[in-house]
S.K.: 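For reference, the structure I am asking about is given below.
Worth saying up front: this structure is predicted, and the values here are computed from it rather than measured. Note that ligands are numbered from 1 as they come in the structure, with each ligand's atoms numbered from 1 the same way. Throughout, residue positions are numbered sequentially from 1 according to the sequence presented.
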Amino acid sequence: MNCTPLYKRDGAALSMLQKLRFFPLAVSGGAGSTLIEDSGRELLDLSASWGVASLGHSHPAIRAAVDGALANQAGASILSGTNQPAVELAETLLKLTPGAGDRRVWLGHSGSDANETVARVVPAATGRSRIMAFSGAYHGGTQGSMSVSGHSAQEGVAKSSGLTLVPYPDPFRPFEGDPSGEALLAHIENLLATSCPGDEVACFFMEPIQADGGLIVPPQNFLSRLAKLCAHYGILTVCDEVKVGLGRTGKLHCFEHEDFVPDIVVFGKGLGGGLPISAIVGPAWILDHAPAFSMQTLHGNPVSASAALAVLNTIQADNLAAKAQANGRILMDDIAHLTSQQPEVGDIRGRGLAIGVELIKNGTNEPNAELAQKTVYRAWQLGAVFYYVGMNSNVLELTPPLILSEDEARAGARIVAQAISEAAAGKVNDDEVTEFAGW
Ligand SMILES: *Cc1c(COP(=O)(O)O)cnc(C)c1O
């Protein structure tokens, strides 16, 4: 394997526990949608570090915000005080997130701590012990967030004792052969009436597009109908917008593609544009449940909060949701066009700049994990960075920066299509990819 000196040093110094390797990527810089490798080679970033780099790399608005926050640092925490950027961020999130009644904002570092907090506080505040979520869901990598997740990569991790998982509405691999989601809704309704009594369920976690589970877009109106069912039982809907929220899908919030307003909304990843920050927006009676209930010392630090404010302001000022919609359409259509003769491409789906390409074995619907692995490796060789997701590890995931240009979308589609076709034609050896198992 042809890895750079920086990559070799990583292996000798950094823990494997936090590695999910797809190819030997070692980055020394970046700007916009471009990453620069240790070797000096430029790569088109079609992942944005799993959607985190929402404004791309080295965005001037984030640099200015972080610089400003550090030039006159207003402490480093909100636990025992407050600061201007944290308050302003909370006010901005309340303004930008639809919802009724008296609401509050909780600030964290990651999608994981935010979802973990929801999973702890909603049962505590409601007195209900059960939680529902979808199989395939990825809500985080801490014990509490994993305990309400259903992703196969976390098999063997203890689940919350009150957790009930149900299948995600997947039109490509539908529950009971019904792509409309009707049969699944009936199944959930039946559960709530019998073995998982609805009046014992505190909340229902949902990703409006199930990203790590395979970039699955639910059938139209499924989530709004599920929300109605939840409302009937007083179950709070928790919308995990960590990966697909804040402009990525062509609307500010992914749940806005359907006619419903979640009770609780969770933000992370792209909110900080590269700095660690997450947020929960929800009812005051939940998020004011008790003091000192869920806190980490650096929560609400003014540096991360300032970066998040810059991200939110830029998304609005530069109309990045509309841009993501337009360039996502180009990226998806070009991939569809360029791969129309490729029998291994089973499905291409997504909204805006959240796109999944499901790879199958020629002539069957069987997941083709080996091809996904070889495709992302080949794409890296050709000059683009993206990874794969899914319970069967066979879905290419494209979540580029929202600032991706039309030319970059077109160039990205060409690399994706070429990588699939060359990987399918055997241009990547088994030996080359064995070290990079992904997940
Ligand atoms: C990544 C992700 C999380 C966890 O976020 P971290 O920043 O890794 O803690 C939670 N939910 C969804 C939908 C995610 O994609």
S.K.: Should Glu258 and Arg225 count as an ion pair when the cut-off is N to O under 4.0 Å?
M.R.: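 Judged by the 4.0 Å cut-off on N to carboxylate O distance, Glu258 and Arg225 do not form a salt bridge.
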S.K.: Nearest to atom 9 (O) of ligand 1, what protein heavy atom do you find, and at what distance?
M.R.: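 Nearest neighbour among protein heavy atoms for atom 9 (O) of ligand 1, to 0.1 Å: Ser112 OG, 2.5 Å.
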S.K.: Indicate yes or no: at least one non-hydrogen side-chain atom of Ser77 is less than 4.5 angstrom from one of Asn301.
M.R.: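 Not touching, per the 4.5 Å side-chain cut-off.
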S.K.: What atoms of ligand 1 come within less than 4.0 Å of a heavy atom belonging to Asn115?
M.R.: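 Every atom of ligand 1 under 4.0 Å from some heavy atom of Asn115: 10 (C), 11 (N).
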S.K.: Mind telling me whether Trp50 and Phe22 have parallel, tilted or perpendicular rings, with 30° and 60° as the class edges?
M.R.: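 The arrangement is tilted - the two ring planes meet at 30° to 60°.
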S.K.: For the pair Phe134 and Tyr168, name the ring-plane relationship: parallel under 30°, tilted 30 to 60°, perpendicular over 60°.
M.R.: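 It falls in the perpendicular class, over 60°.
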S.K.: On the 0 to 90° scale, with breaks at 30° and 60°, tag the Trp439-Tyr138 ring pair as parallel, tilted or perpendicular.
M.R.: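 Perpendicular: the ring planes of Trp439 and Tyr138 meet at over 60°.
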S.K.: Are Arg63 and Asp67 ion-paired here, with the side-chain N under 4.0 Å from a carboxylate O?
M.R.: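 No salt bridge links Arg63 with Asp67.
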S.K.: Nearest to atom 12 (C) of ligand 1, what protein heavy atom do you find, and at what distance?
M.R.: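 Ranked first by proximity to atom 12 (C) of ligand 1 is Tyr138 O, 3.2 Å.
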S.K.: Considering only heavy atoms, which of Ser145, Gly51, Pro208, Gly111 lies nearest to atom 5 (O) of ligand 1?
M.R.: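 Going through Ser145, Gly51, Pro208, Gly111 one by one, Gly111 has the nearest heavy atom to atom 5 (O) of ligand 1.
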S.K.: Heavy atom to atom 2 (C) of ligand 1, shortest distance: which of Lys243, Lys269, Glu207 holds it?
M.R.: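 Among Lys243, Lys269, Glu207, the closest heavy atom to atom 2 (C) of ligand 1 belongs to Lys269.
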S.K.: Identify, by atom number and element, the atoms of ligand 1 in contact range of Asp240, meaning under 4.0 Å from any of its heavy atoms.
M.R.: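 Reading through ligand 1 atom by atom, the close ones are 10 (C), 11 (N), 12 (C), 13 (C).
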S.K.: Is there a polar contact between ligand 1 and Asp113, counting only N or O atoms under 3.5 Å apart?
M.R.: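 Not met; the criterion fails.
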S.K.: Please could you name the atoms of ligand 1 that Asp212 approaches to less than 4.0 Å, counting only its heavy atoms?
M.R.: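 Listed by number with element: 15 (O).
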S.K.: Quick one: does Gly140 get within less than 4.0 Å of ligand 1, heavy atoms only?
M.R.: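 Within the 4.0 Å threshold, so yes.
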S.K.: Are the charged groups of Arg128 and Glu200 less than 4.0 angstrom apart, N to O?
M.R.: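 A salt bridge is absent here (no side-chain N lies under 4.0 Å from a carboxylate O).
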